[in-house]
There are 2 protein chains.
Amino acid sequence: MKISFRGDYALKAILDLALHYNKGLVRIQEIAERQDIPIKYLEQILLALKGAGYLNSQRGAKGGYYLAKDPKKIKLGEIIRLMEGPISPITCVSKSCYKRCTEETKCVFRPLWNKIRSLTEGVVDKVSFADMCRDYEAKNKKKLDMYYI
Amino acid sequence: MKISFRGDYALKAILDLALHYNKGLVRIQEIAERQDIPIKYLEQILLALKGAGYLNSQRGAKGGYYLAKDPKKIKLGEIIRLMEGPISPITCVSKSCYKRCTEETKCVFRPLWNKIRSLTEGVVDKVSFADMCRDYEAKNKKKLDMYYI
DNA sequence: TAATTCTCTACTTAGTTGATAGAGTTAATA
DNA sequence: TATTAACTCTATCAACTAAGTAGAGAATTA
């Protein structure tokens with residue numbers, strides 16, 4: 001698996017909205033500024049995430065985006081797959097590829113790619129955005145402690 | 001980590017040469033045919049592998065390539081890094097990237113990328129081409145058994 | 001010398017990535 | 001109702017990379 005900017009931006013956008021879960025609408029521009037993402041690019045990404053059911057939005061003045069699901073119920077792996085495609089070091093491990101390894105019994109590397117895929121999935125499909133929010137806040141608290149202690 | 005055709009071809013080429021280790025020279029064309037790789041593309045890959053010290057070659061009639069190291073001592077990870085670059089889901093986990101996550105303490109995803117990288121390395125840096133040869137031959141033996149039993 | 005085989009450099013083509021541009025649509029509110 | 005704020009949609013673009021092709025050159029053998 002490889003994370004591109006697009007995927008990275010998507011994860012950051014969802015995290016940003018998860019941190020504002022049940023706290024009203026968030027404008028694209030706010031997310032773009034906080035997460036340092038080009039706004040016009042972010043627009044496209046948010047639309048894709050909305051299309052996939054992760055976000056809802058409201059147009060017009062006072063409009064904005066908000067998370068459509070509980071952050072506890074969104075795993076990182078879902079977003080990564082949506083933005084980057086199947087999680088696998090080589091395409092032919094995923095069912096959608098018929099190109100390589102047509103004689104699959106011949107490919108002696110395949111078990112390794114499967115192993116790596118399943119280890120990777122073991123990470124990204126276990127962690128939710130609620131977990132990420134917790135980590136984020138813990139990290140922030142720690143920082144504040146440094147000032148107050 | 002993602003394996004491109006280039007990396008896939010390199011792994012197959014090394015495996016092919018490992019199967020002929022200490023059995024004389026192997027012509028590019030043989031490898032290309034056995035592994036189903038475009039020959040002119042394979043040429044470039046073999047040159048890169050030679051440049052990195054994995055192969056030696058002899059020119060002219062009766063020439064060919066041969067493995068410069070014991071297959072036991074070549075780990076898959078070495079070849080993958082050589083052909084694909086650093087093993088990490090996101091570039092900024094590797095030391096050569098200064099672009100993203102400049103405020104690294106702020107990036108709450110980073111520990112996950114590190115985790116995935118180390119799990120992946122745990123696979124590819126443990127397995128050698130001698131292991132792959134063993135698997136390959138075991139697989140072939142099994143196939144033959146099907147005919148003889 | 002002729003045939004064989006690796007070596008080197010350049011080129012090409014198609015696709016992807018990471019944007020940017022701008023017109024359109026909806027909603028709130030003065 | 002007019003204006004403004006905000007999301008929506010489509011098109012376009014430049015740079016890069018991957019994958020492959022082409023062809024001349026150099027070394028070795030017979």
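If you're wondering where the values come from, they're calculated on a predicted model, not measured in any experiment. We name chains A, B, ... by the order of the sequence lines, and we start the count at 1 in each one.
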Could you list the protein-to-nucleotides 24-27 of chain C atom pairs, N/O on both sides, closer than 3.5 Å?
residue: C:dT25; atom: O3'; partner: A:Arg59; partner atom: NH2; Å: 3.3
residue: C:dT26; atom: O4'; partner: A:Arg59; partner atom: NE; Å: 3.3
residue: C:dT26; atom: O2; partner: A:Gly60; partner atom: N; Å: 3.3
residue: C:dA27; atom: O4'; partner: A:Arg59; partner atom: O; Å: 3.4

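Residue pairs meeting the side-chain hydrogen bond (donor to acceptor under 3.5 Å, both in side chains) criterion with at least one member in residues 38-48 of chain B, sequence neighbours excluded, are B:Lys40-B:Glu43. Note on residues 61-80 of chain B: pairs passing side-chain hydrogen bond (donor to acceptor under 3.5 Å, both in side chains), not counting sequence neighbours, are B:Tyr54-B:Glu78. Residue pairs that meet the salt bridge (charged side-chain N to carboxylate O under 4.0 Å, His left out) test with at least one member in residues 18-28 of chain A, sequence neighbours left out, are A:Arg27-A:Glu30.
Between B:Phe129 and B:Leu67 there is no side-chain heavy-atom pair separated by less than 4.5 Å.
Nearest-nucleotide positions on DNA chain D place A:Tyr65 closer to the 5' end than the other of A:Tyr65 and B:Glu84. Along DNA chain C, the nucleotide nearest A:Lys62 and the nucleotide nearest A:Lys2 are compared for position; the residue whose nucleotide lies closer to the 5' end is A:Lys2.
Within the structure, every side-chain polar atom (N or O) of B:Ser4 is placed at least 4.0 Å from both OP1 and OP2 of D:dT17. Between B:Arg6 and the phosphate of D:dA18, there is no side-chain N or O to OP1/OP2 separation shorter than 4.0 Å.
Here the C1' atom of nucleotide D:dT17 and the CE atom of B:Met83 are 14 Å apart, to the nearest Å. Summarising the geometry, the separation between CG on A:Leu55 and C1' on D:dT8 is reported as 14 Å, rounded to the nearest angstrom. Summarising the geometry, the separation between CZ on B:Arg27 and C1' on D:dT28 is reported as 15 Å, rounded to the nearest angstrom. Residue B:Ile28 contributes atom CD1, which lies 12 Å from atom P of C:dC8 at whole-angstrom precision. Atom CD in B:Gln29 sits roughly 14 Å away from atom C1' in C:dA3 (whole-Å rounding).
Cluster annotation: A:Leu25 is not connected to A:Leu47 through the hydrophobic network of ILVMFWY side chains, with a link wherever side-chain heavy atoms come within less than 4.5 Å.
In this structure, the side chain to side chain contact (heavy atoms under 4.5 Å, CB included) partners of A:Gln35, at least two apart in sequence or on a different chain, are A:Lys12, A:Asp16, A:Ile31, A:Ile37. Not counting sequence neighbours, A:Arg59 has no partner by the side-chain hydrogen bond (donor to acceptor under 3.5 Å, both in side chains) test. Evaluation of the side chain to side chain contact (heavy atoms under 4.5 Å, CB included) rule for B:Asp36 yields no partner, not counting sequence neighbours. By the side chain to side chain contact (heavy atoms under 4.5 Å, CB included) test, B:Asn140 pairs with B:Tyr136, sequence neighbours left out.
Scanning residues 32-54 of chain A for heavy-atom distances under 4.0 Å to DNA chain C yields A:Pro38, A:Lys40, A:Tyr41, A:Gln44.
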